[in-house]
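Here the structure comes first, spelled out in structure tokens, and everything after it is commentary.
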There are 2 protein chains.
Amino acid sequence: MTSTTPTRVRPNAGTKGVARADREAQIVEVACKAFGERGYANTSVADVAEAAGISKPLIYNYFGSKEGLHAVCVEHAAATLWAEFERSSHTDTVGLARAVLTLDGMFRALAPQPWIWRLVFDPTAPDEGASHDAFQAYEQKLFTLGEDGVSELMRLAGNDDHDDTSAMHAVWESVFRSLVNWWLDHPEVSPEEMTARCVRMFSTAFGPIEGFADPAGTRA
Amino acid sequence: MTSTTPTRVRPNAGTKGVARADREAQIVEVACKAFGERGYANTSVADVAEAAGISKPLIYNYFGSKEGLHAVCVEHAAATLWAEFERSSHTDTVGLARAVLTLDGMFRALAPQPWIWRLVFDPTAPDEGASHDAFQAYEQKLFTLGEDGVSELMRLAGNDDHDDTSAMHAVWESVFRSLVNWWLDHPEVSPEEMTARCVRMFSTAFGPIEGFADPAGTRA
DNA sequence: TTGATATGACTCATGGGTAAGTTACCACAG
DNA sequence: CTGTGGTAACTTACCCATGAGTCATATCAA
């Protein structure tokens with residue numbers, strides 16, 4: 001990126017202002033929040049600039065376009081989510097217990113920056129271009145991970161129809177998203193409480209889950 | 001509305017063109033399809049006008065604004081959906097069997113005009129104003145219907161926590177929507193096949209459903 | 001002087017909305 | 001069986017707010 005002079009690393013490459021890397025990071029942070037909370041279509045570049053305390057052209061200097069900025073935000077946010085999915089996929093649990101662990105990890109990961117969830121799954125985001133590509137790359141990885149888990153459970157249950165598996169996967173993803181969205185709509189609920197709620201709900205629907213306490217006593 | 005002369009009812013109150021009521025119906029039909037397929041934000045009034053073979057100002061004459069037109073479309077579509085929910089709510093089944101019947105009714109109702117589903121649940125629709133009010137009125141009725149069913153089942157299962165019920169209801173709605181959306185994404189699947197698929201999926205997850213054939217033999 | 005940070009003041013395409021008119025048909029007076 | 005006025009249906013040509021994107025320029029460290 002930034003070149004270094006031989007004898008000494010220039011801390012703030014010759015300028016009155018903030019070093020580009022720092023400024024970019026700051027802009028991305030502000031933009032993630034704006035895009036995540038109001039949606040891509042309802043957020044103007046001027047909004048982001050104002051929130052960041054800078055002017056619009058600086059954003060175009062650094063990110064090229066509104067979509068370019070959005071692409072960086074999505075990549076940043078998707079990487080965060082994916083890291084959490086990857087982490088929780090390394091446990092050796094299966095079925096509902098694994099689902100609960102995944103949800104729990106996601107609640108904890110989202111707690112400090114809840115807006116990145118809606119940023120990634122923003123229905124007003126562009127449906128082509130760099131920012132869409134970034135989203136699709138993430139979704140593809142996520143899809144594979146989920147499809148594997150679902151198809152294995154379906155096979156175990158004696159159903160190996162391809163379309164049934166596809167539909168079941170869609171349902172599972174939607175359940176996951178609706179639980180996260182419910183939690184985002186109830187900001188006073190802590191991740192731990194929300195995980196306990198998921199355990200109770202799954203237990204109510206499917207019976208006790210191996211490895212988790214009985215529903216009766218888990219109320220926070 | 002149109003005044004009538006004493007001796008004879010004027011069939012097409014003095015005009016060269018199409019009677020207003022007919023034209024309005026035609027515009028609404030075209031607009032429903034456009035809004036439903038491309039979304040409110042991605043559909044311009046000029047698009048609708050062109051698709052209907054008329055000019056933009058005529059739409060403003062009849063509907064006042066883009067949002068006014070959308071409101072009529074949403075009301076029309078929501079009424080269709082609601083009629084189906086009401087109808088299937090009059091059966092005396094409960095639990096999963098009732099869920100399957102509701103889904104089946106919805107698939108059949110949507111088959112001739114699948115776009116009205118996405119029209120009603122359009123994430124790019126305005127979040128205030130007449131069109132939003134129409135949506136909310138519908139959602140409120142739907143919410144009550146769903147919440148009643150879910151809370152009863154939760155109570156039966158021994159969980160009467162208010163927030164658990166709220167979250168479970170959100171999950172159930174999301175499952176319903178994801179099944180409909182999966183079906184809309186697979187237009188070659190008939191309503192009957194899709195219902196059979198739902199039966200298999202529920203059976204796989206929860207065990208046999210009272211009143212429906214065993215999963216093994218239901219493949220179309 | 002060079003080059004990086006930074007901005008005020010623009011251009012311009014899009015799309016919602018409107019003003020002012022045209023056409024065709026009907027009712028009715030002469 | 002004609003004018004003639006009223007009105008519903010319909011359009012052309014425009015206005016204008018918004019927001020993406022750009023250009024010329026200013027400032028300051030090395």
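Residue numbering restarts at 1 for every chain, and letters A, B, ... go by the order of the sequence lines.
When all heavy atoms are compared, the tightest approach of A:Gly105 to A:Glu84 is CA-OE2, 3.0 Å. The two residues B:Arg197 and A:Ala167 come nearest to each other via the heavy atoms CD-CB, 4.1 Å.
Rounded to whole angstrom, the span from the OH atom of B:Tyr60 across to the P atom of D:dC14 amounts to 19 Å. Atom CZ of A:Phe63 and atom C1' of D:dG21 are 16 Å apart (whole Å). The separation between B:Leu58 atom CG and C:dT22 atom C1' is 14 Å, rounded to whole Å. Across the protein-nucleic acid pair, A:Lys66 atom NZ and C:dT14 atom P stand 16 Å apart, rounded to whole Å. One interatomic measurement links the two molecules: CD of A:Glu24 to P of C:dA6, which rounds to 11 Å at whole-angstrom precision. Rounding to whole angstrom units, CD1 of residue A:Ile59 and C1' of D:dG19 are separated by 13 Å. The nearest whole Å value for the distance from the CG atom in B:Asn61 to the P atom in C:dG21 is 16 Å. Rounded to whole Å, the distance from NE2 on A:His70 to C1' on D:dA20 is 15 Å.
Proximity of A:Arg20 to the phosphate of C:dA6: no side-chain N or O atom is located under 4.0 Å from OP1 or OP2. A:Arg23 has a side-chain polar atom (N or O) that falls below the 4.0 Å cut-off from OP1 or OP2 of C:dA6.
Here D:dT11 is the nucleotide among C:dA6, D:dT11, C:dT18 with the atom lying nearest to any side-chain atom of B:Ile54. Taking every side-chain heavy atom of A:Pro57 into account, D:dC23 is the closest of C:dA6, D:dA9, D:dC23. Considering only the side chain of B:Ser65, C:dG17 comes nearest among D:dC10, C:dT7, C:dG17.
Residues A:Phe63 and A:His70 place their aromatic rings such that the two centres sit no closer than 6.0 Å. Taking the centre of each ring, A:Phe85 and A:Tyr138 stay at or above the 6.0 Å mark.
No salt bridge links A:Asp122 with A:Arg118; every basic N to acidic carboxylate O contact stays at or beyond 4.0 Å. Salt-bridge check for A:Lys141 with A:Glu86: failed, with every basic side-chain N at 4.0 Å or more from each acidic carboxylate O.
Among the heavy atoms of the strands lying under 4.0 Å from B:Tyr62 are primed sugar atoms or P, OP1, OP2 only; no base atom is included.
Each of B:Ala21 and B:Lys56 lies near DNA chain D, and the nucleotide nearest B:Ala21 is the one positioned closer to the 5' end.
For B:Arg20, the side-chain hydrogen bond (donor to acceptor under 3.5 Å, both in side chains) test picks out B:Glu24, with sequence neighbours left out.
A heavy atom closer than 4.0 Å to some atom of DNA chain D occurs in no member of residues 32-47 of chain B.
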